[in-house]
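Reviewing the structure listed below.
Just so you know, these numbers come straight off a predicted model, no measurement behind them.
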Amino acid sequence: MTLKSELREAHLEIRALRAELARTAPDIDDLKRQLVAARKQGDRYREQVEALRRSSSWRITKPLRRLRRRRG
């Protein structure tokens, strides 16, 4: 195989890879958006759990939860 034909094949491969990248880029962007949204949702859930644990009702019922765990 000559250098010229190798170069032509490399160019064709680059063109094909660029086309594939162009096809997959929207999917990648969508997945990135979904990941950001899922992380934000996880943060909101963590905040809710922390707020619950800081609440007076959670602290007041701590002895009851402890008893329940002992009884299995």
Side-chain angles (χ1 to χ4, degrees):
M1 185 178 279
T2 68
L3 184 59
K4 190 174 183 176
S5 63
E6 285 182 32
L7 184 59
R8 189 175 347 190
E9 283 187 33
H11 281 278
L12 290 173
E13 186 175 353
I14 289 170
R15 187 179 298 147
L17 289 171
R18 284 182 177 160
E20 184 177 348
L21 179 60
R23 284 190 304 274
T24 59
D27 293 335
I28 292 169
D29 291 340
D30 186 49
L31 289 171
K32 286 178 181 178
R33 283 190 290 277
Q34 289 179 33
L35 178 60
V36 168
R39 285 180 174 163
K40 287 180 182 179
Q41 184 66 44
D43 290 341
R44 285 192 294 272
Y45 287 149
R46 275 188 285 285
E47 289 171 8
Q48 289 176 356
V49 168
E50 288 304 313
L52 173 69
R53 289 183 175 161
R54 286 189 306 267
S55 71
S56 57
S57 62
W58 185 261
R59 289 191 311 267
I60 291 169
T61 58
K62 184 176 182 175
L64 296 174
R65 290 192 310 277
R66 202 176 288 153
L67 280 174
R68 189 174 213 170
R69 270 186 252 140
R70 286 184 190 161
R71 291 184 180 180

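Scanning for side-chain hydrogen bond (donor to acceptor under 3.5 Å, both in side chains) contacts around Asp30 gives Gln34, with sequence neighbours left out. Under the rule for a salt bridge (charged side-chain N to carboxylate O under 4.0 Å, His left out), the partners of Arg46 that lie at least two apart in sequence or sit in another chain are Asp43. Residues forming a side-chain hydrogen bond (donor to acceptor under 3.5 Å, both in side chains) with Arg15 (at least two apart in sequence, or on another chain): none.
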request  = Walk me through it: do His11 and Leu7 pass the test side-chain contact (heavy atoms from CB on, under 4.5 Å)?
outcome  = CA-CA 6 Å; His11 281 278; Leu7 184 59; 3.5 Å; yes

inquiry  = Let's go through Arg66 and Lys62 carefully: what are the C-alpha distance in whole Å and the side-chain angles of both, what is the deciding distance for side-chain contact (heavy atoms from CB on, under 4.5 Å) to 0.1 Å, and is it a yes or a no?
reply    = CA-CA 6 Å; Arg66 202 176 288 153; Lys62 184 176 182 175; 2.9 Å; yes

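In this structure the side chain of Ile60 never reaches within 4.5 angstrom of the side chain of Ser57, judged on heavy atoms. Contact of the Glu20 side chain with the Arg23 side chain is registered, since non-hydrogen atoms from C-beta on lie closer than 4.5 Å.
Of all heavy-atom pairs spanning Arg53 and Trp58, the tightest one is O-CD1, 3.3 Å.
Panel note: side chain Thr61, backbone Leu64; no donor-acceptor pair is recorded below 3.5 Å.
Summarising the geometry, atom CG belonging to Leu21 is positioned 9.5 Å from atom CZ belonging to Arg18; distances are rounded to the nearest 0.5 Å. Separation of atoms OG1 (Thr24) and CG (Leu17) is listed at 10.0 Å; rounding is to 0.5 Å.
Residue Glu6 places its CD atom among more than 12 non-hydrogen atoms of other residues, nucleotides or ligands, all under 6.0 Å distant. Residue-environment remark: CZ (Arg65) exceeds the threshold of 12 foreign heavy atoms within 6.0 Å. The neighbour count for Arg44 CZ, taken as heavy atoms of other residues, nucleotides or ligands under 6.0 Å away, is above 12.
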